[in-house]
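A short write-up of the structure that comes next.
So you know, we letter chains A, B, ... as the sequences are listed, proteins then strands, and number each from 1.
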Amino acid sequence: MKRITSLLTLLLFGIFSARAQTASPRLANYDIIASLDPESRTITATEILTWKNHSNDTVPDLRFHLYLNAFKNRNSTFFKESGGQLRGIEPEGKEDENIWGFVEIESMKLLSLNGKEESIDLTSRLQFIHPDDDNKDDQTVAQILLPSPVLPKGEAKLEIKFKSKLPKIFARTGYAADGKFFLVAQWFPKIGVYESPGDRYVPLTASKGQWNCHQFHGNSEFFADFGVYRVAITVPKSYVVGATGVLQSQTEQGDLKTLVYYQEDVHDFAWAASPLFQVFEDSYKSKDGHSIKLTFLAQPQHADQAERHFLAVKNALEWAEEWLGVYPYSSLTIVDPAYGGGGAGGMEYPTFITAGTFWKIPLGVKTTEIVTVHEFGHQYFYGMLASNEFEEAWLDEGMNTWLELSVMRRYYAGEAGKKSAFGDKTSAIDFLGIRIGDVEQSRSGYTSPSNAKRDTIVKPVWTYKRGGYGTFSYNKPGTMMLTLENILGEETMKIVMRTYFERFKFKHPTTRDFIRTVNEATGKDFTPFFNQFLYSTLALDYAVQNLSNSADENDEELEGATDATEKKQGDYRIKVVFERKEEAVAPMDILIKFEDGTEFRDVWDGVARYKIYEFEKPAKAVAAYIDSENKYLLDVNRNNNALTAKPETAGFWKWAMNAMFWLQNFLLIFA
Amino acid sequence: MIKAIQTGLKKAKTHWQISALVYALNFVFALGFAMAFKNVLADEFAFRDVSRRLLEGFDFTFLSDMNYASGSVTSLFKTLNWLVAGYILTSAFLSGGIIASLRREEFSLPDFFADSARYVGRFVALSAFFALTVLAPIVVVAIFSAIGNAMSESAISEAPVMIWTVVGIGLGAITLAFFYLAFEVAKFEVACENKKPFRAYMSAFKITLKNIASFFGIMLAFLLCVGVIGSVLHLLAPKGETGAGVFALALMQQALVASRVFFRVATMGALLEKYREVRPKQELAETPSEPVSETTEPIQEPEPTKQAPENAGDAEIKSEQETK
Ligand SMILES: [Zn+2]
């Protein structure tokens, strides 16, 4: 007995100490019972929310995201910002059809407050607010004033009964395939993040914290606290379900079935249900030895692509565990959206992602892999490193673009691609002679002429100029991170990124946190680098402006001589001019090659407009290069980074001959 | 059909000068474009160590940086429009000579150009009609993609929609090929029957429709020859990663273009042969009464065995029909 008691004590101690060391703070915990009626495209649910006030403030109100209301009509902020379309997809169908979506809170009851049981109906206290704009029609954020505040370190427990009508999918969430496919995201009332002084950008000196609960915007939707989710989902028996977390139980009642999913230390919950899904399973052994169950819910016409999806995820997992840290969850579900549900594809939710492919997609078109790798990458940048996507989208999308580019380059660039300047020439497309690397493609998204200097990276996502979101949240930061990696070298970059991950996983890191981490981990001050590329619109463009080999003035007759080796020292006066053409400044590797095989290398601080090197040598200079190690992918024009003494045109002839050949064939249509 | 194909091949061989002329025309126009294309690159990048990159093949970063620096890459194609227009006009001009020459036993350059000059007005008009008929396949593709779209409303898979689209494009291509054949036959109607362009096109439709199988057969047979040669050359083609390699590659490309031209002339010869065989008899009676002004033009050089070109085809047809 005693022995048992001590065992029990040990066990309890174990539980408590484990609880004290949970991966995340678990401030927002959900217990949801939901039932899907495919006919009416409606979910009826009851949610028990337990919210912990981690601050030292007394918090008088609670704020909720009611994001399904973004799809309520054309007046929501999301609808106005997105222009009623996302990635070119518009809501289809007549207004009177079932195309709209909304969430309706039927009742909200306070079950307990600061440890004391209550039973107070709060429904009538609910009101919509618009913290980001003055759009009175936007109903994506609600506030509720509590009868008495949540005390410092206190806790509020609420019961919320709600109904979610799902929209016809045009963006992110809803139904498609005539009700045979449901992607259920942003579907439940979700509490905002209360930030106390010292959290993120709330000054330590502030007298009080504040809610951070943005409206649903055209381009961003994620910022939430971690917690534990237990969600019971009831669907018709014929529906296959995939969801965040691990399936705990499955029971059947007549024509229906109920599946219970559970996941700790995540900040959202999404699920999918469809009778069309074909289920594929695989697993991956994490670096720490635990097994990760991989599930691919495929459309029947994509069943032959299961391996492509699994391989993409395994590649990304291997890379991420090497460069960042262990994937701690034990599941990952990949959903292949139904035809017509593509607007819900390419999205990330904790341990649950949506991909996107098409029938018989050629192996050389690697968008399937790119999307899968990208969305998986969000398990790190968004999932565990839960930055504020509204205010600093690049920490999610830009960092994750870097992950995507790195994985695609490493596993899909091929041998030829790896030898090229960016180490990638084929990882996006290698089809019919067209070869484009994902790295190249992303960089060009930034360096296209209208975009490069249009906006800064760090700014609230809804304030980007039109079209700027993709360029400045994905392409430029992705290119910047690769540049940083080139500057630091692979090993230092790994140290930086592992440190960043270890320090900030299950937290809400900011740009400032990242810069501090870089500076600390490298022992160097990279603030000027980030100031230029994150906080300003300055572009970077260095060029070799001139290269001349002139014979010595008192030895003019040598000019026409062909054999340089016969000449005396000082036979040639060589002048090479390097130029900074744009406003951004960075140290540049200089390389000058001479006829006799010798090389001159230097590092120019890049500050002045011009840098001139002069030599008196017996051998002519044959070529000069700036950024000779191809570090600065951010350089908006790399075609001017080299200058040779002699012209070389064979490559131009090749392209001209190819173009001529195609033209000749075209002309023969007309005889 | 086999006989027509054989005749076409024989004609292309004995009248090799036609192929040479067409190839030369094609080469000169395309070279004009290629030179301009190369110069745009060389003027800007000859000293930029870019050639080396382009020798390796498609270089997306080069293009995107060129686009950044000069605002677009369309400067590479600035000569394209007028070159294509010039080529179409010139080839319309040469068509008359080609068809008239194919009807003769011997090739003669003065005859060739005289015939070219004689038919140029009507052949340009025919080309314009052909350009209009190119819209028809577009309509076909549009109809099919509309059906595909309608299907997609209730579809649960993109596969049938994609198949439908591919079928639409395929049918569009067949429609285009049909109009193309009719265009060729219309040329014969002008050259052999001295018809006005529109009437020629109308009767060409009828003739082509009636003989669609053999006309398509002829076209496909020669396309197959080009396909085989193209595949062999493709297997043998060097990568072109050095100056010499580029030269060798260009030579092989030109060999393929030259063979295409040869089979193109053979196709015309074979179609002409088939056309003579199948041309409706009632058309023969109508021919003399056709009020075509060109009939009054002096006949430059009568073919050795015939009195006049207008009657030449008739004579041959008659004799062929007799032997059937
Ligand atoms: Zn993303």
* Under 4.5 Å from any heavy atom of chain B - which part of A/A623 -> neither
* Structure fact -> For A/A656 and B/A34, the nearest pair of non-hydrogen atoms, with its separation, is CB-O, 3.5 Å
* To do: Heavy-atom distances under 4.5 Å only: say whether B/L94 touches chain A with side chain, backbone, both or neither.
  => neither
* Asked: Would you find more than 12 non-hydrogen atoms of other residues, nucleotides or ligands less than 6.0 Å from A/K418 atom NZ?
  -> yes
* Do you know which of B/F247, B/F77, B/F45, B/F130 has the most heavy-atom pairs with chain A at a distance under 4.5 angstrom? -> B/F45
* **Segment of B/V161 engaging chain A (4.5 angstrom heavy-atom cut-off)** => side chain
* Asked: Tell me, side chain or backbone of B/Q254 under 4.5 Å from chain A's heavy atoms, or both, or neither?
  -> side chain
* **Minimal non-hydrogen separation, B/F29 against A/L667, with atom names** => CB-CD1, 4.4 Å
* Under a 4.5 Å heavy-atom cut-off, does chain A meet the side chain of B/N39, its backbone, both or neither? -> neither
* Asked: Do B/R48 and A/T644 come within less than 4.5 Å of each other through their side chains, counting heavy atoms only?
  -> no
* Name the region of A/T357, side chain, backbone, both or neither, that has any atom closer than 4.5 Å to a heavy atom of chain B. => backbone
* Taking C-beta and beyond as the side chain, do A/N639 and B/R53 meet within less than 4.5 Å on heavy atoms? -> yes
* For B/F58 and A/R435, which heavy atoms make the closest approach, and how far apart are they? -> CD2-O, 3.2 Å
* Answer with side chain, backbone, both or neither: which region of A/K654 has an atom nearer than 4.5 Å to a non-hydrogen atom of chain B? => both
* What distance separates B/Y68 OH from A/N640 CG, expressed to the nearest 0.5 Å? -> 9.5 Å
* **Check: A/L668 and B/Y87 side chains under 4.5 Å, non-hydrogen atoms** => yes
* **Interchain contact, A/L276 with chain B, by part (heavy-atom threshold 4.5 Å)** => side chain
* Asked: Any idea which heavy atoms bring A/N637 and B/A69 closest together, and the distance?
  -> ND2-CB, 3.4 Å
* Asked: Less than 4.5 Å apart, any side-chain heavy atom of A/F652 and any of B/V50?
  -> yes
* Asked: With distance as the sole test, does B/R260 use its side chain to make a donor-acceptor pair with the main-chain N or O of A/N665 at under 3.5 Å?
  -> yes
* Between A/K360 and chain B, which part of the residue has a heavy atom less than 4.5 Å away: side chain, backbone, both or neither? -> neither
* Asked: What's the verdict on side-chain contact (heavy atoms from CB on, under 4.5 Å) for A/R443 and B/D65, showing C-alpha distance, side-chain angles and the deciding distance?
  -> CA-CA 10 Å; A/R443 174 181 170 274; B/D65 284 11; 2.9 Å; yes
* Could you tell me which portion of B/L76 (side chain, backbone, both or neither) has an atom closer than 4.5 angstrom to a non-hydrogen atom of chain A? => neither
* Contact origin within A/V439 toward chain B - heavy atom pairs under 4.5 Å -> neither
* Asked: Measuring heavy-atom distances to chain A, does B/M66 have an atom under 4.5 Å in its side chain, in its backbone, in both, or in neither?
  -> both
* **Segment of B/I156 engaging chain A (4.5 angstrom heavy-atom cut-off)** => both
* Structure fact -> Ranking A/Y625, A/F181, A/F666 by heavy-atom pairs under 4.5 Å to chain B gives rank one to A/Y625
* Which atom pair, heavy atoms only, marks the closest approach of B/F47 to A/A645? -> CE2-O, 3.3 Å
* Structure fact -> In A/K425, A/Q441, A/E440, the residue satisfying side-chain hydrogen bond (donor to acceptor under 3.5 Å, both in side chains) with B/T61 is A/E440
* Heavy-atom contact with chain A under 4.5 Å, split by part of B/L31 -> both
* Distance, nearest 0.5 Å, that separates CD of B/E158 from CZ of A/F358 -> 8.5 Å
* What distance separates A/Q664 CD from B/L25 CG, expressed to the nearest 0.5 Å? -> 10.5 Å
* Structure fact -> Closest non-hydrogen atoms of A/T649 and B/A42, given as atom of the first, atom of the second and distance, are CG2-CB, 4.1 Å
* Asked: Looking at B/G57, B/A250, B/S157, which one has more heavy-atom pairs under 4.5 Å with chain A than the rest?
  -> B/S157
* Residues B/L249, A/F661; criterion side-chain contact (heavy atoms from CB on, under 4.5 Å); working and verdict -> CA-CA 10 Å; B/L249 184 68; A/F661 175 66; over 6 Å; no
* pair A/E648-B/R52: side-chain heavy atoms closer than 4.5 Å -> no
* Region of A/F422 in contact with chain B, defined by heavy-atom distances below 4.5 Å -> side chain
* Evaluate the ring planes of B/F62 and A/W655, with Trp represented by its six-membered ring, and classify them as parallel (under 30°), tilted (30 to 60°) or perpendicular (over 60°). => perpendicular
* Asked: Do B/D49 and A/N641 come close enough that some side-chain heavy atom pair is under 4.5 Å?
  -> no
